[in-house]
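Quick notes on the structure that follows.
Convention: sequence-line order gives letters A, B, ...; per-chain numbering from 1. Keep in mind it's a predicted model, so treat the numbers as computed, not measured.
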Protein chains: 2
Amino acid sequence: MAARAGVSQTTVSHVLNSTPHTRVKEDTAARVRAAAEELGYRPNRLARGLRTHASDMIGLLTEEIATTPHAGRIILGAQQEASRRNLTLAIINSELHLDPEVDAAPIQAFLDRQADGIIYATVYHDEIIAPENISTRPAVLIGARDAAGVIPSVLPDERAGSASVVEMLVRMGHRRIAFAASAEDVPATRGRLQGYLDGMQAAGLSTENLVVPAAADARGGYAATLDLLDHAPTAVFCYNDRMAMGAYRAAGQRGLTIPTDLSVVGFDDQAPIPDSLFPTLTTVVLPHYEMGAWAVATLSALIDGRAEAGLLAGHPTVLSCPIIERDSVASPSTRSH
Amino acid sequence: MAARAGVSQTTVSHVLNSTPHTRVKEDTAARVRAAAEELGYRPNRLARGLRTHASDMIGLLTEEIATTPHAGRIILGAQQEASRRNLTLAIINSELHLDPEVDAAPIQAFLDRQADGIIYATVYHDEIIAPENISTRPAVLIGARDAAGVIPSVLPDERAGSASVVEMLVRMGHRRIAFAASAEDVPATRGRLQGYLDGMQAAGLSTENLVVPAAADARGGYAATLDLLDHAPTAVFCYNDRMAMGAYRAAGQRGLTIPTDLSVVGFDDQAPIPDSLFPTLTTVVLPHYEMGAWAVATLSALIDGRAEAGLLAGHPTVLSCPIIERDSVASPSTRSH
DNA sequence: CTGAAAGCGCTTACAG
DNA sequence: CTGAAAGCGCTTACAG
């Protein structure tokens, strides 16, 4: 390559990397670029990395890629942000044990490849003890707070998202708003329920008999809604979209039309449910894409020294969960049922 | 590291890689391993790769990671097979244009990092012209045949999967089996319809008035089923699970109980639909996980010279699509409706 | 059984 | 404005 352009490898490097503070005569540079083009020359990133101690690769360690509905969107957000920054994203989907010892292994794989930084994405945990070796490099957490308080993290604001649903419902005139809760003991359960309670309290509404916990699936939603319907709610807010599917079924069985007789709201925006229901389901989205993108952007800043982990780690970044309005919500009709 | 064990870097390399045809005295080896352990020494894979011209990394280029429901399972299958073989999987999710020029760019990113091989995963295309630069390294295709016939590929046997549904229905006594088809012009449309027709023909059954094309979503399935129901089918086989959701709605509206009055079968096993429906939906799974795993296993064989692309490329590997039986199918009741 | 030396393909002071 | 030389951290003939 250098021979082809009649210059040294040094000059090739300067030209192709536009090394700062280095002037190369324009026609020399042109000659280099032409030769590179002709030969299809591409610098070997491995060699570059060895020399610069930077791989321009970041590792994403994720649990439950297939089980959890939205891990795909975290990956997508991270991937696109990485592409934008000319970083390569390597992914390992491990069964995370949330055990600092065991989970160190997949991270080691990234370290061995000189990853510039690491993203550790968990779902359903609010605080974790990160694998010890993760702090060898810049790192960020998605979906969990670092127990040690040294790794920056990003979380969805499920509580506020949940409260905003109640607000919306109240604004439309609902006063008897029921919550089909999850019986599972995960942070999302607490956050969404708490948000509902926040909203009801803010509006000065009673929640008596209006909260029923059940399995976090369609059958649970069906059972919970059937119970709830005995207490004449005008709206049922469900812990998740799958429960909302059950709520539709329960409403149909009681001869109630959505949204005229009963408004229903879900949570998750889990494709393809909301668009596949009759009528389509108003629900709350989790900012998965945004969290993935945030992780890469933040990691990049950490790597380049444009940000400091210590400053960020103090309080997790919290991303809001907006409501997606579709057709399952209306003002309560005056006739009672 | 070498100093710590009191040996040369050569010996360290021999011990840690158990270089073939090289004997190292056992206590020397033990000393090396002990030192490595103590120091937490890990060989730099970049340096190794530079020297050996192998990165032990393979690249997966995929389109529509988030849009298509099951890309996650392809990634999971590929990832787990890669881990099993000590390979790292790097992923780029690009908008594939199926244009050999444009799609060359993301592949170049892998080549620059000296990927040992490349997986190109597309969905919904039966034949593609692969980017020219892909053949620089061993490569395999998922979900599409290579127009040039040089790259090995793997495809789901949707046609046979579809035919097997009809067979099952016939075995249970159904004779008026309707098909809610997709109006979209993609290979899956043709394969699934053809399989239905194969099955009906094999059983000597008429399909007159029993095939209605519609949009491939819940609303399309609803409309198609409403039409179909005028021709008294005892079973409706839907192009996909979303259409099946619509079929449930249509059946409910006509007062038909599933499966007693009408059997319904879907296709895709798209979570969370099948388990969230009342009753749960019998459907056909696409072998996404298996295709991902096949791709890595095959690529690995190609890289190691254990397989030859020329031999494999002749005919694509076809993986079967099994039926997952749930509760939406029963023998037709004798009473007519 | 073990080590010295070369070299993988780059970048980066440094010199001119 | 350009190049010679060193060195990143490994592996691999080769020598002993």
Side-chain angles (χ1 to χ4, degrees), chain A residues 1-36 39-57 86 88 108-116 136-137 303-304, chain B residues 1-36 39-57 86 88 108-116 136-137 303-304:
Chain A
M1 163 61 204
R4 174 56 162 269
V7 297
S8 70
Q9 177 57 33
T10 303
T11 301
V12 171
S13 177
H14 286 327
V15 173
L16 266 30
N17 297 313
S18 0
T19 316
H21 312 302
T22 303
R23 336 223 99 266
V24 175
K25 219 198 303 177
E26 191 38 56
D27 60 296
T28 308
R31 208 143 30 89
V32 171
R33 277 188 283 264
L39 274 51
Y41 169 79
R42 307 279 315 182
N44 180 327
R45 309 293 263 89
L46 254 40
R48 176 177 215 275
L50 182 60
R51 180 58 228 247
T52 61
H53 298 282
S55 60
D56 286 346
M57 181 206 89
N86 257 306
T88 294
Q108 192 56 251
F110 286 140
L111 298 179
D112 291 352
R113 282 169 201 287
Q114 315 301 114
D116 293 341
T136 322
R137 307 279 158 84
I303 292 166
D304 298 349
Chain B
M1 164 61 207
R4 173 57 162 266
V7 299
S8 69
Q9 177 57 34
T10 303
T11 301
V12 171
S13 178
H14 285 328
V15 172
L16 265 30
N17 296 313
S18 358
T19 317
H21 312 304
T22 303
R23 335 224 99 268
V24 175
K25 221 198 301 180
E26 189 39 54
D27 59 298
T28 309
R31 211 146 24 93
V32 171
R33 277 188 281 265
L39 274 52
Y41 169 79
R42 307 279 315 181
N44 180 326
R45 309 292 264 90
L46 253 40
R48 177 178 214 276
L50 182 60
R51 181 58 228 245
T52 61
H53 297 282
S55 60
D56 286 346
M57 182 207 88
N86 259 304
T88 294
Q108 192 56 252
F110 287 140
L111 298 178
D112 292 351
R113 282 170 200 286
Q114 316 300 117
D116 293 341
T136 322
R137 306 280 158 86
I303 292 167
D304 298 351

key: Dot-bracket line, read 5' to 3' along DNA chain C, where crossing pairs take [ ] and | marks a partner on another strand, Watson-Crick or G-U under 3.5 Å   = |||.||||||||.|||
With sequence neighbours left out, write down each residue that passes side-chain contact (heavy atoms from CB on, under 4.5 Å) with [X], or none if nothing qualifies.
X	answer
A:Ala34	none
B:Ala29	B:Val15, B:Val24, B:Glu26, B:Arg33
A:Ser55	A:Met57, A:Gln114, A:Asp116, B:Leu46
A:Gln9	A:Ala2, A:Val12, A:Tyr41

query = Taking DNA chain D as the partner, which of residues 7-14 of chain A come within under 4.0 angstrom of it by heavy atom?
reply =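 Heavy-atom cutoff 4.0 Å gives A:Val7, A:Ser8, A:Thr10, A:Thr11.
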task = Using a cut-off of strictly less than 4.0 Å between a heavy atom of the residue and any atom of DNA chain D, enumerate the qualifying residues of residues 39-47 of chain A by number.
result = none
Side chain to side chain donor-acceptor pair (under 3.5 Å) with [X]: which residues, sequence neighbours excluded?
X	result
B:Thr10	none
A:Thr52	none
A:Asn44	none

In Å, rounded to the nearest 0.5 Å, how long is the span from [atom1] of [X] to [atom2] of [Y]?
X	Y	atom1	atom2	value
B:Arg31	B:Arg4	CZ	CZ	12.0 Å
B:Arg42	B:Leu16	CZ	CG	9.0 Å
A:Thr136	A:Leu111	OG1	CG	5.0 Å

ask   = Shortest non-hydrogen contact from A:Arg113 to B:Asn86?
value = NH2-O, 4.4 Å
inquiry  = Under 4.0 Å from a heavy atom of chain A: give me the 5'-most and 3'-most nucleotides of DNA chain D that qualify.
reply    = D:dC1 to D:dG9
request  = Output all residues satisfying salt bridge (charged side-chain N to carboxylate O under 4.0 Å, His left out) with A:Arg45, sequence neighbours left out; order by chain, then residue number.
outcome  =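 Per chain and number, A:Arg45 pairs via salt bridge (charged side-chain N to carboxylate O under 4.0 Å, His left out) with A:Asp56.
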Toward the 5' end of DNA chain C, by each residue's nearest nucleotide, A:Asn17 or B:Arg31 =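 With B:Arg31 and A:Asn17 compared, the 5'-side residue is B:Arg31.
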